[in-house]
Number of protein chains: 2
Amino acid sequence: MPNNQFKKGELYSFITGKASIAIARRLQKKFNAAGLNLTIEQWSVLYHLWKEDGKSQQDLCNATFRDKPSITRLVDNLEKLQLVKRVASESDRRINKIFLTKQGLKLQEQTMQLAEETLNDALEGVPPDQINLCKAVLQSVYDNLK
Amino acid sequence: MPNNQFKKGELYSFITGKASIAIARRLQKKFNAAGLNLTIEQWSVLYHLWKEDGKSQQDLCNATFRDKPSITRLVDNLEKLQLVKRVASESDRRINKIFLTKQGLKLQEQTMQLAEETLNDALEGVPPDQINLCKAVLQSVYDNLK
DNA sequence: GGCATATAGTTAGTTAAACAACTATTCAAA
DNA sequence: TTTGAATAGTTGTTTAACTAACTATATGCC
């Protein structure tokens, strides 16, 4: 791939991901406005537990694209908020399985609604086929680098 | 715009921006491998000063999409590394203008080369027209939310 | 069984982001 | 001209990311 594909002035926004930062900020604002005491990072962990409860911390590392210390601390804080609970695995005592509490389960509907609203705000006026192509490009980038 | 445009399972990667995180991590690794003691965030400030030296901290906030305390601290750290220097404006004493040092100027060529390499890694196999469309979509997202 | 290695998770230290509260300077309007 | 609002920047606090070093458990090979 030729080096001259990018004008220098275009490098910045691709690397810094301004679009995804803007989406995350908007969602955080909606959480705050709704009186939810929850960070986007905490929400991203809950998101994967709503899909499948009882994931290990390592599973959550893979799912959220974070390293182990990050997940340790996110789970610490989610436990403090009483949204999840660590349970040591019976079969392999190295593993913590993370389970949602009732309060953790209760947040799903409201926060997913706010997340969908946020994406609808973000993608207003963008044709669906362009959205799909953009997602495919971003997936290729991820696959190329991971 | 209809709410059902997204399957729930697709929300996550759009919000978390895994692609741009992967790009930033790859670039950071290249910096480290080259023995450069520089974070991506610090580099992003230098990037805008290479385009136009002497920007104010507020200019850098706008350019880098960061808030004022973030820029204060990034400039603090860049000053410690002796890559930039704060100079109080003559005409408006509230304003700090930020100027590159010789060492700061010297980093441009090498780091921009590494940034281009990173983007070439990231976009390998993605046709240019798809890249352009993807960039346009991300710009729309940014414009919709900012 | 015992030892090396791999895996799961934690802790410590530095950098950065978001928010609120703050100081200092400028500007504009009464 | 003084007072009140706006602007530029700083500081304090909490949360999070990354790296490195660490503990504990499991696995596999002799």
Side-chain angles (χ1 to χ4, degrees), chain A residues 16-18 20-33 36-45 54-81 83-84 86-98, chain B residues 16-18 20-33 36-45 54-81 83-84 86-98:
Chain A
T16 53
K18 279 157 71 156
S20 58
I21 293 172
I23 291 173
R25 284 186 191 160
R26 174 67 62 95
L27 180 55
Q28 183 70 67
K29 287 215 166 88
K30 283 183 195 277
F31 283 1
N32 296 344
L36 294 170
N37 178 27
L38 191 70
T39 68
I40 299 305
E41 293 82 5
Q42 291 164 357
W43 174 81
S44 78
V45 171
K55 280 188 154 83
S56 71
Q57 294 188 198
Q58 185 59 55
D59 292 338
L60 291 171
C61 291
N62 301 334
T64 65
F65 200 38
R66 290 183 170 86
D67 66 1
K68 292 191 292 176
S70 297
I71 291 298
T72 292
R73 267 132 195 172
L74 281 171
V75 172
D76 286 348
N77 286 332
L78 286 168
E79 266 196 325
K80 275 183 210 149
L81 294 169
L83 299 176
V84 305
R86 280 179 171 94
V87 177
S89 166
E90 298 279 318
S91 60
D92 185 339
R93 295 159 53 80
R94 292 172 302 183
I95 295 175
N96 289 335
K97 300 203 170 188
I98 312 302
Chain B
T16 52
K18 279 158 67 157
S20 58
I21 293 172
I23 291 174
R25 283 185 192 160
R26 173 65 63 96
L27 179 55
Q28 183 71 65
K29 286 215 166 88
K30 283 183 196 277
F31 282 1
N32 297 343
L36 295 170
N37 178 27
L38 192 69
T39 68
I40 299 306
E41 294 81 5
Q42 291 164 359
W43 174 81
S44 78
V45 172
K55 281 188 155 83
S56 71
Q57 294 188 200
Q58 185 60 54
D59 292 337
L60 291 171
C61 290
N62 301 335
T64 65
F65 199 38
R66 291 185 169 85
D67 67 0
K68 291 192 292 174
S70 297
I71 292 296
T72 291
R73 273 139 190 167
L74 282 172
V75 172
D76 285 348
N77 286 333
L78 286 168
E79 267 197 323
K80 275 183 211 151
L81 293 169
L83 299 176
V84 305
R86 280 180 171 93
V87 177
S89 167
E90 298 279 318
S91 60
D92 184 339
R93 294 158 53 79
R94 292 171 302 183
I95 295 176
N96 289 336
K97 300 203 170 190
I98 312 302

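Below, read A as the first sequence line, B as the second, and so on, with proteins coming before strands; counting in each chain starts at 1.
- The distance between atom CD1 of A:Ile98 and atom C1' of C:dA8, rounded to the nearest whole Å, is 11 Å.
- The distance between atom CZ of B:Phe65 and atom P of C:dA17, rounded to the nearest whole Å, is 12 Å.
- Side chain of B:Gln42 to main chain of B:Leu78: no donor-acceptor pair is present (N/O by atom type, distance under 3.5 Å, no hydrogens or angles).
- Residues from residues 87-97 of chain B placing a heavy atom under 4.0 Å of any atom in DNA chain D, listed by number, are B:Arg94, B:Ile95, B:Asn96.
- At the heavy-atom level, A:Gln28 lies nowhere under 4.0 Å from the strands shown.
- Once you apply a 4.0 Å limit to the heavy atoms of chain A, the touched nucleotides of DNA chain D run 5' to 3' over D:dT15 to D:dA26.
- Under the 3.5 Å distance criterion, the side-chain polar atoms of B:Gln28 are left unmatched by any main-chain donor or acceptor of B:Ile23.
- Nearest approach of A:Ser20 to B:Ser20, heavy atoms of both residues: OG-OG, 3.6 Å.
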### Candidate pair A:Thr16 and B:Phe65, rule side chain to side chain contact (heavy atoms under 4.5 Å, CB included), full reasoning
CA-CA 9 Å; A:Thr16 53; B:Phe65 199 38; over 6 Å; no

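- No more than 12 heavy atoms of other residues, nucleotides or ligands shown are found within 6.0 angstrom of NZ on B:Lys97.
- Distance, B:Leu78 CG to C:dT15 P: 12 Å, rounded to whole Å.
- One atom, CG of B:Leu81, and another, C1' of C:dT15, lie 11 Å apart when rounded to the nearest Å.
- The distance from the CG atom of B:Leu83 to the CG atom of B:Leu38 is 6.5 Å, given to the nearest 0.5 Å.
- Between B:Asp76 and B:Arg86 there is a salt bridge, with a side-chain nitrogen of the basic residue lying less than 4.0 Å from a carboxylate oxygen of the acidic one.
- Sorted by residue number, the members of residues 68-76 of chain A with any non-hydrogen atom under 4.0 Å from DNA chain C read A:Lys68, A:Pro69, A:Thr72, A:Arg73.
- Here the CZ-CD1 distance, from B:Arg93 to B:Ile95, works out to 12.0 Å after rounding to the nearest 0.5 Å.
- With rounding to whole Å, A:Asp67 atom CG is found 13 Å from C:dG9 atom P.
- In this structure, B:Glu41 and B:Ser70 have side chains that are not in contact, with every pair of non-hydrogen atoms separated by 4.5 Å or more.
- Summary of the strand contacts: A:Ile21 and A:Gln58 both lie near DNA chain C, and taking for each the nucleotide with the nearest heavy atom, the more 5' one is attributed to A:Gln58.
- One distance of note links NZ of B:Lys55 with OG1 of B:Thr64; it measures 10.5 Å at 0.5 Å rounding.
- One atom, CG of B:Asn37, and another, C1' of C:dT14, lie 11 Å apart when rounded to the nearest Å.
- Distance, A:Asn77 CG to C:dT10 P: 12 Å, rounded to whole Å.
- Atoms CG (A:Asn62) and C1' (C:dT7) sit 12 Å apart, rounded to a whole Å.
- Phosphate proximity of C:dA8 to A:Ser56: absent, as no side-chain N or O sits under 4.0 Å from OP1 or OP2.
- Nearest heavy-atom pair, A:Asn32 versus A:Leu36, reported as atom, atom and distance to 0.1 Å: OD1-O, 4.1 Å.
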